Amino acid sequence: QERLVESGGGLVQAGGSLTLSCAASARYAMGWFRQAPGKKREFVAAISWSGGNQDVAPTVKGRVTIARDNAKNTVALQMTMLKPEDTAVYYCAASLILGRVLTNEREYNYWGQGTQVTVSS
């Protein structure tokens, strides 16, 4: 069983930036999802096993980038121009499916514990 360790959440003012990190013990296709209170969990960004392909949700496009360090088995989610509607628990996920970017949460095998991001107006 893989254990994903997330870090970097916190409180930030609207317009600010935050970078979330996720560490795994091995290399996987990785993704970030978020869940706001009273809402379903939604896709934010994902990166392929190689790192050569990424995808970002339309709601955060232009404000979010995802990158990975394959030597350290880490993935980072850099968020800029944050808005109050970005407030949510952010989850890192890892998948054993290789070869493409995964945007469906059902394709992920392992999940982190979640890290809270709160954006104040």
Side-chain angles (χ1 to χ4, degrees):
Q1 182 77 11
E2 175 65 65
R3 179 171 174 258
L4 304 177
V5 180
E6 298 146 338
S7 61
L11 174 65
V12 63
Q13 287 190 327
S17 301
L18 209 57
T19 298
L20 307 182
S21 296
C22 177
S25 64
R27 193 164 152 189
Y28 303 93
M30 303 291 290
W32 287 93
F33 294 77
R34 69 184 183 185
Q35 187 168 23
K39 294 188 176 181
K40 293 172 62 175
R41 188 158 57 186
E42 64 176 4
F43 167 73
V44 178
I47 190 166
S48 62
W49 181 85
S50 67
N53 293 289
Q54 306 94 37
D55 195 4
V56 177
T59 52
V60 298
K61 208 172 194 80
R63 302 188 296 117
V64 164
T65 57
I66 185 169
R68 66 186 302 151
D69 184 336
N70 287 334
K72 297 180 180 179
N73 294 325
T74 58
V75 62
L77 185 72
Q78 186 173 23
M79 304 185 289
T80 62
M81 295 181 287
L82 284 162
K83 305 174 182 179
E85 49 264 44
D86 294 318
T87 295
V89 177
Y90 283 70
Y91 295 91
C92 172
S95 175
L96 299 171
I97 300 172
L98 306 181
R100 56 187 176 91
V101 179
L102 307 167
T103 62
N104 188 330
E105 63 178 88
R106 285 181 280 187
E107 295 181 306
Y108 286 88
N109 303 93
Y110 308 116
W111 291 84
Q113 77 284 359
T115 185
Q116 177 71 46
V117 171
T118 303
V119 184
S120 63
S121 56

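Every value quoted in this text rests on a predicted model; they were computed, and no experiment measured them.
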Taking a hydrophobic cluster as the set of Ile, Leu, Val, Met, Phe, Trp and Tyr residues connected by side-chain heavy atoms closer than 4.5 Å, whether directly or through intermediates, do [X] and [Y] fall within one such cluster?
| X | Y | value |
| --- | --- | --- |
| I97 | W111 | yes |
| I66 | F33 | no |
| V44 | M79 | yes |
| V117 | Y91 | no |
| L4 | V75 | yes |

Taking all non-hydrogen atoms of both residues, which atom of [X] and which atom of [Y] are closest, and how far apart?
| X | Y | result |
| --- | --- | --- |
| C22 | W32 | CB-CZ2, 3.6 Å |
| Y108 | L102 | OH-O, 2.6 Å |
| K83 | V119 | O-CB, 3.3 Å |
| V64 | A45 | CG1-CB, 4.4 Å |
| A88 | A36 | CB-N, 3.8 Å |

query: Is S21 close to T74 at the side-chain level, that is, under 4.5 Å between some pair of heavy atoms?
result: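 They are not in contact (no side-chain heavy atoms under 4.5 Å apart), so the answer is no.
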Sub-3.5 Å donor-acceptor pair from the side chain of [X] to the main-chain atoms of [Y], do we have one?
| X | Y | answer |
| --- | --- | --- |
| E6 | C92 | yes |
| R100 | N53 | no |
| Q35 | V89 | no |

How long is the gap from [atom1] on [X] to [atom2] on [Y], to the nearest 0.5 Å?
| X | Y | atom1 | atom2 | value |
| --- | --- | --- | --- | --- |
| T115 | R34 | OG1 | CZ | 14.0 Å |
| T59 | E42 | OG1 | CD | 5.0 Å |
| R27 | N70 | CZ | CG | 3.5 Å |
| S95 | E2 | OG | CD | 12.0 Å |
| D55 | F43 | CG | CZ | 4.5 Å |
| R68 | N73 | CZ | CG | 7.5 Å |

message: Does atom NZ (K40) have a neighbourhood of more than 12 heavy atoms from anything else shown, all under 6.0 Å?
response: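 Check fails, neighbour count at 12 or below.
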query: Hey, is CD on Q78 packed in by over 12 heavy atoms from elsewhere, all under 6.0 Å?
result: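 No, because the 6.0 Å sphere around CD of Q78 holds 12 heavy atoms or fewer from other groups.
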